Number of protein chains: 2
Amino acid sequence: MTERRPYRRESEESRREALILAALELVAEGGLEAATVRSIADRAGVTPGLIRHYFSGKEDLTRAAYRHMMEQMTADNVAVLETAPDCPLARLTAFVTASLTPPVMQPLRLAIWAGFLQLVRSDAAMRAVHEQTYLGYRDILENLIAALPRPASDAARCRSDAIACNAVIDGLWMEGSALPDNFASGELVAIGLHAIGAILGVTLAGAPPAPAAPPPTGAGPNGESA
Amino acid sequence: MTERRPYRRESEESRREALILAALELVAEGGLEAATVRSIADRAGVTPGLIRHYFSGKEDLTRAAYRHMMEQMTADNVAVLETAPDCPLARLTAFVTASLTPPVMQPLRLAIWAGFLQLVRSDAAMRAVHEQTYLGYRDILENLIAALPRPASDAARCRSDAIACNAVIDGLWMEGSALPDNFASGELVAIGLHAIGAILGVTLAGAPPAPAAPPPTGAGPNGESA
DNA sequence: CGAGGAATTACACAACCGTATAACAACAGG
DNA sequence: CCTGTTGTTATACGGTTGTGTAATTCCTCG
């Protein structure tokens with residue numbers, strides 16, 4: 001006669017979050033295929049059956065995890081705007097800098113993002129999440145650009161500029177995450193600020209707000225500070 | 001008594017290529033997890049056991065498929081330079097345009113690229129292929145930039161400019177592939193040329209060489225023209 | 001303090017995965 | 001035409017996957 005494992009009842013919210021975080025960790029470490037129901041449950045400290053109690057299936061959990069990461073990534077990026085000064089140039093600089101430094105720019109996040117991308121293509125619900133997050137990010141960028149003191153600020157021009165600047169950020173984010181050893185510290189931020197400044201016709205001073213601050217140790221795949 | 005399936009003997013080269021193409025198609029359609037030995041063999045018109053006759057295992061086939069796609073992608077992009085005129089501006093314009101139009105910019109290619117990215121992180125051999133392809137592409141771009149008639153063409157400046165322009169291309173390539181419905185035809189090319197022109201301080205005429213040419217029908221995931 | 005209900009575990013099951021191996025058949029050389 | 005080689009198929013096996021279901025235990029409420 002084997003003894004049944006003891007357990008504690010917990011709130012639906014904390015259980016769901018624990019399962020989502022476990023899934024994200026596993027995707028970051030070994031790709032989507034490493035995030036099986038058994039490994040997720042094991043890392044979350046529960047048994048596999050519990051997943052189907054809080055999610056209708058593995059696909060449901062996967063969608064929730066993807067939405068969680070995308071929202072937190074945008075939130076991390078937007079957070080810097082709340083403590084940024086009123087000067088439009090400084091706000092844009094802070095936003096771009098945040099996009100190209102941890103915790104937003106992290107190899108693990110690229111791994112998660114890429115791992116989910118295949119689902120974005122095939123699953124309509126996940127594509128909606130992706131589209132909403134992407135357009136939301138670009139909208140913030142477009143507003144920052146529209147607030148700049150520039151001679152001509154056409155509406156269509158602001159859209160094009162936002163797409164271009166977003167591409168610069170995405171491209172640098174991707175390359176810096178995929179090949180972190182090929183770039184010096186702060187190099188990508190300087191390049192990004194210079195390129196975006198050239199596109200917009202303004203000068204973005206690349207004064208680092210925090211001089212070479214390393215990422216917090218022991219952070220999870222989303223850089224959440226516990 | 002069931003009848004045994006008839007078959008034809010074929011060369012090692014054609015069999016290997018058929019298996020690689022089948023694997024790429026499946027990764028493009030349903031991600032890495034869709035490319036099982038059975039589905040690959042089925043699409044290639046053979047039985048699963050044959051895979052292990054031409055490859056030491058599934059991992060071996062996966063590596064070969066990744067290398068095949070990366071090499072063909074670079075080749076497609078470089079091909080336009082052979083028929084481009086001598087004018088440095090026109091050559092850069094053609095190169096950027098090719099990077100942001102089919103067959104290089106294709107949703108299926110982004111899917112394949114993302115599907116393999118997790119292996120790039122964990123497998124040293126695949127990371128080497130990735131790094132070599134990326135740096136090779138950027139090197140071509142850097143040479144095109146260095147050839148431009150510009151006032152100051154510092155070596156370090158050329159490197160920074162190449163990284164920035166590469167980021168623009170990568171970002172637009174990614175966004176255009178992930179959300180193809182959100183951009184008008186030719187919009188990404190125009191934005192890319194304008195942004196890169198602004199970064200480099202030159203004017204890139206966005207004269208479309210082929211007016212609204214649709215991608216070739218029935219092309220495989222690599223756009224190979226049979 | 002006792003009972004109801006729900007959170008959690010435990011177990012079972014069919015389907016699928018990659019791999020190994022033996023049997024067969026298509027083609028080449030005599 | 002026949003025989004040997006080997007490309008190819010067929011089949012089997014252990015392991016893993018996602019899911020369905022019953023049993024159990026924790027907690028709340030009366």
Side-chain angles (χ1 to χ4, degrees), chain A residues 1-23 26-27 29-66 115-116 118-119 122-123 125-126, chain B residues 1-23 26-27 29-66 115-116 118-119 122-123:
Chain A
M1 294 179 67
T2 66
E3 295 213 349
R4 200 183 180 87
R5 168 212 281 213
Y7 62 93
R8 290 196 321 122
R9 291 192 166 191
E10 295 197 3
S11 71
E12 172 174 346
E13 188 181 7
S14 75
R15 281 286 191 228
R16 287 179 64 97
E17 184 176 341
L19 289 171
I20 287 175
L21 257 58
L26 289 165
V27 172
E29 293 173 6
L32 254 186
E33 62 189 355
T36 67
V37 288
R38 284 172 176 82
S39 63
I40 293 172
D42 194 52
R43 179 158 308 208
V46 297
T47 51
L50 195 62
I51 290 181
R52 302 232 11 188
H53 189 261
Y54 288 108
F55 300 92
S56 66
K58 196 205 171 184
E59 190 175 313
D60 189 25
L61 168 57
T62 300
R63 272 196 271 253
Y66 180 67
F116 280 123
Q118 57 185 252
L119 294 182
S122 58
D123 187 308
M126 297 203 74
Chain B
M1 295 181 65
T2 65
E3 296 212 349
R4 200 183 180 88
R5 169 212 278 212
Y7 61 93
R8 290 195 320 121
R9 292 193 168 192
E10 294 197 5
S11 70
E12 172 174 346
E13 187 182 7
S14 75
R15 281 285 191 230
R16 288 179 64 98
E17 184 176 342
L19 288 171
I20 287 175
L21 257 58
L26 289 165
V27 172
E29 293 172 7
L32 254 185
E33 62 188 355
T36 66
V37 288
R38 285 172 176 82
S39 63
I40 293 172
D42 195 53
R43 179 157 308 208
V46 296
T47 50
L50 195 63
I51 289 182
R52 302 232 8 181
H53 188 261
Y54 288 109
F55 299 92
S56 68
K58 196 203 173 186
E59 191 175 315
D60 189 24
L61 168 56
T62 300
R63 271 197 269 254
Y66 179 68
F116 281 122
Q118 57 185 251
L119 293 182
S122 57
D123 188 309

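As the structure is a computational prediction, the values presented were derived from the model and not from experiment. Below, each value reflects all heavy atoms present in this structure, side chains not excepted, and no hydrogens, waters or symmetry copies. Chain A is the first sequence line, chain B the second, and so forth, proteins listed ahead of strands; every chain is numbered from 1.
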B/Arg16 side chain to B/Tyr54 main-chain N or O, any donor-acceptor pair under 3.5 Å? yes
Rounded to whole Å, the CD-P distance (A/Glu3 to D/dC26) equals 11 Å
Using whole Å, what does the distance between atom C1' of nucleotide C/dA7 and atom CG of A/Leu19 come to? 13 Å
Show the nearest heavy-atom pair for residues A/Leu32 and A/Val27, with the distance to one decimal. CD2-CG2, 4.0 Å
Which pair of non-hydrogen atoms, one from A/Arg15 and one from A/Val46, has the smallest distance, and what is that distance? NH1-CG1, 3.6 Å
Can you check the B/Leu26 CG to C/dG18 P distance for me, whole Å? 11 Å
For the atom pair CG (B/Asp42) and CG (B/Leu26), what is the distance rounded to the nearest 0.5 Å? 9.0 Å
Look at B/Arg8 and C/dA25 and indicate whether a side-chain polar atom (N or O) is within less than 4.0 Å of OP1 or OP2. no
Residue-phosphate contact under 4.0 Å: B/Arg4 side-chain N/O, D/dA10 OP1/OP2: no
Apply side chain to side chain contact (heavy atoms under 4.5 Å, CB included) to residues B/Ile20 and B/Glu17 and explain how you reach the verdict. CA-CA 5 Å; B/Ile20 287 175; B/Glu17 184 176 342; 5.6 Å; no
May I ask you to verify whether the side chain of A/Tyr7 and the base of D/dT25 hold a donor-acceptor pair under 3.5 Å? yes
Using a cut-off of 4.0 Å on non-hydrogen atoms, how would the nucleic acid contact of B/Arg9 be classed: base, sugar-phosphate, or nothing? base
Roughly, in whole Å, what's the span from CG in A/Leu32 to C1' in C/dC17? 17 Å
For A/Asp60, enumerate each residue passing the side-chain contact (heavy atoms from CB on, under 4.5 Å) test, keeping only those at least two apart in sequence or located in another chain. A/Phe55, A/Ser56
Provide, to the nearest angstrom, the distance between the CD atom belonging to A/Glu13 and the P atom belonging to C/dA7. 15 Å
Under 4.0 Å, heavy atom to any atom of DNA chain D: which of residues 45-61 of chain B qualify? B/Val46, B/Thr47, B/Gly49, B/Leu50, B/His53, B/Tyr54
Can you measure B/Asp42 atom CG to D/dA10 atom C1' for me and round it to whole angstrom units? 15 Å
For B/Val37 against B/Lys58, the heavy-atom pair lying closest together: CG1-CG, 3.9 Å
Using a 4.0 Å heavy-atom cut-off, does A/Glu12 contact any base of the nucleic acid, only the sugar-phosphate backbone, or nothing at all? nothing
Spacing of B/Arg5 atom CZ relative to D/dT8 atom P, expressed in whole Å: 11 Å
Starting from the 5' end of DNA chain C, give me the residue, B/Pro6 or B/Arg38, whose nearest nucleotide shows up first. B/Arg38
